[in-house]
Number of protein chains: 2
Amino acid sequence: MAGVFDALAADRSRIERASAAQRVAEVLREHITEGRLAPGTRLSEEALGEALAVSRNTLREAFRLLADQRLVVHELNRGVFVKVLNPQDVADIYTLRLALETAGVRALHSAATERLAAVRTALARAEAAEALGDWVAVGTADLHYHQAVAGLAGSPRIDEAMAHLVAELRLAFAAVPSAHALHEPFLRRNQTLAGLLESGEIDDAEVELTRYLDDARAVIVRAMTETRP
Amino acid sequence: MAGVFDALAADRSRIERASAAQRVAEVLREHITEGRLAPGTRLSEEALGEALAVSRNTLREAFRLLADQRLVVHELNRGVFVKVLNPQDVADIYTLRLALETAGVRALHSAATERLAAVRTALARAEAAEALGDWVAVGTADLHYHQAVAGLAGSPRIDEAMAHLVAELRLAFAAVPSAHALHEPFLRRNQTLAGLLESGEIDDAEVELTRYLDDARAVIVRAMTETRP
DNA sequence: ATTGCCGGATTGTTCCACAATCCCCTAGCC
DNA sequence: GGCTAGGGGATTGTGGAACAATCCGGCAAT
């Protein structure tokens, strides 16, 4: 019966326009994750509505979307604020991150080949950025890399949860002064992990991943407590 | 310095009133997860706003909250609809569920004793409901039980992700005609899993959990394809 | 039978009004 | 002096109306 136009259905998202609330949320998301809106900043409905030329209602819907992604917190009768991460948050993020990425590693053998290719691509991007000395780009590629690792599970819900975590992680990265010091030690370990994945050594990959995330969490937590004791 | 009143902070949620949007979302959530609002039902802004005596603005904010929990889908210019789960969704839910509950099992040794007690309590509730022949209550207790298993990880983010999954799972359960046939085979296996957890056999618990979820997914998917082919 | 088009109905968005709440500041008190 | 109480201004919470944008079903024309 059907099935002839299934290939077109994949491009459905390119047809549907986004609502104003979604577009506003997207703009704010960028500003927050890139550190242009400092954590703790209060997002005034009136001021933001004027700046973005949208009504308060639309803005409030956008806030709900951002709160879903944990990038802002909504305090009743007080307004919405750019999320301020504390060390507990970072620890918790890494707990969930371990669960999601482990799910990806474990699905390695049943993962489609293009998913593993995505891991390779992200790693190559990180190396290229390192060669240029662009450590912020290394951070971006690093997050893409780990998103791809979780993506090995082939699960839309895991992908989305991981995407939210990644956005939140950027908040944590922004709290660390030196992107170089933050990412340099882990770049090599990304390569190690990728090697284990390529050769299908699931158990070893899982062990390495666990240690990797433990160490990364410790580095960020330490940096956070140092800069803001 | 601080810390004296930390115990009070846990009850903070009892003080803060909820916004109208949150209360509306809560009411709708109950109706959806209990099957009183059939999947696919269109939620008209005008009709619902009148029924609940809230403005369209407030209702739209509530819809955003429900969409966050995946209980409704929002189609631009068409409205919001109660989520219709397909077998792919169910399979994906179980993929994420496995990741979250596995994280709980793995954290068993470092879990606080009261978390394990929560697992015991939920299991006892399920057995009590079985004794009464109330299979819907068994289903509720079963979900609480698995929420508690994931809760062993002690991670707020895992707890929240699991809570969302549980709400979505209720949609799947509602699609299965016989609650008895659905839950009866798994009640005993919940006891098996609890026994392994009590005795600290993490690896065996993980294997049992994996098989459990595989089987449960298969049962639901089969029931879904039978009732709606 | 397919396409083109129209009109009703619903959502998307804005604007405005007012109540509810919070926050800061000042005055008063011990 | 420090603490408490209370007032006033600013901001959010919520409702309501209006109009634009969009979708959907049906009718007409080919």
Side-chain angles (χ1 to χ4, degrees), chain A residues 1-2 4-5 8-9 11-29 32 37-38 40-68 71-84, chain B residues 1-2 4-5 9 12-29 32 37-38 40-68 71-84:
Chain A
M1 182 71 106
V4 186
F5 299 117
L8 288 175
D11 282 353
R12 192 184 303 171
S13 61
R14 283 172 43 191
I15 295 178
E16 287 164 0
R17 303 160 295 299
S19 71
Q22 287 173 299
R23 295 193 302 269
V24 167
E26 177 68 15
V27 169
L28 290 176
R29 195 175 64 76
I32 292 173
L37 274 172
T41 304
R42 175 152 161 280
L43 301 177
S44 155
E45 295 186 356
E46 193 175 7
L48 258 185
E50 180 145 5
L52 296 173
V54 294
S55 73
R56 278 179 64 210
N57 289 334
T58 298
L59 198 52
R60 287 171 64 87
E61 288 191 30
F63 285 161
R64 297 289 190 188
L65 296 176
L66 288 171
D68 164 28
L71 294 182
V72 303
V73 291
H74 191 156
E75 301 184 18
L76 193 62
N77 291 316
R78 296 191 5 99
V80 307
F81 302 81
V82 178
K83 171 73 153 285
V84 179
Chain B
M1 182 67 111
V4 185
F5 299 117
R12 193 183 303 171
S13 59
R14 284 170 45 191
I15 295 178
E16 288 165 358
R17 303 161 296 300
S19 69
Q22 287 173 298
R23 294 193 303 270
V24 167
E26 178 68 15
V27 169
L28 290 177
R29 195 175 63 76
I32 292 173
L37 275 172
T41 304
R42 175 151 162 278
L43 302 176
S44 155
E45 294 186 355
E46 191 175 6
L48 257 184
E50 179 144 4
L52 297 173
V54 296
S55 73
R56 279 181 64 209
N57 289 333
T58 300
L59 198 52
R60 287 173 64 88
E61 288 191 31
F63 285 161
R64 298 287 190 190
L65 296 175
L66 288 171
D68 165 28
L71 294 182
V72 302
V73 292
H74 191 155
E75 301 185 18
L76 193 63
N77 290 316
R78 295 192 5 99
V80 308
F81 301 81
V82 178
K83 171 74 154 283
V84 178

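Just so we're on the same page: letters track the sequence lines, and every chain starts at 1.
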Using a strict threshold of under 4.0 Å (side-chain N to carboxylate O), is an ion pair present between B/E46 and B/R56?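 Here B/R56 does not pair with B/E46 in a salt bridge, since their nearest N and O are not under 4.0 Å apart.
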Check this for me: does any side-chain nitrogen of one of B/R29 and B/E26 sit under 4.0 Å from a carboxylate oxygen of the other?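 Counted as a salt bridge, because a side-chain N and a carboxylate O are separated by less than 4.0 Å.
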Rounded to whole angstroms, how far apart are [atom1] on [X] and [atom2] on [N]?
X     : N      : atom1 : atom2 : answer
B/N77 : D/dG25 : CG    : P     : 15 Å
A/H74 : D/dT12 : NE2   : P     : 9 Å
B/L48 : D/dG15 : CG    : C1'   : 17 Å
A/E46 : D/dG9  : CD    : P     : 17 Å
A/L76 : D/dT12 : CG    : P     : 12 Å

What's the separation between atom [atom1] in [X] and atom [atom2] in [Y], rounded to the nearest 0.5 Å?
X     : Y     : atom1 : atom2 : value
A/I32 : A/T41 : CD1   : OG1   : 8.5 Å
A/L43 : A/F63 : CG    : CZ    : 5.0 Å
A/Q22 : B/R64 : CD    : CZ    : 6.0 Å
A/N57 : B/R60 : CG    : CZ    : 9.0 Å

Give a yes or no on whether B/E50 atom CD has more than 12 heavy-atom contacts from other residues, nucleotides or ligands under 6.0 Å away.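 12 or below, so no.
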First and last nucleotide of DNA chain C in contact with chain A, 5' to 3', at under 4.0 Å to a heavy atom: what are they?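 So the outermost contacting nucleotides come out as C/dT13 to C/dC23.
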Which residues, if any, of residues 53-62 of chain B bring a heavy atom under 4.0 Å of DNA chain D?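 Of all residues in residues 53-62 of chain B, the ones placing a heavy atom under 4.0 Å from DNA chain D are B/A53, B/V54, B/S55, B/R56, B/N57, B/T58.
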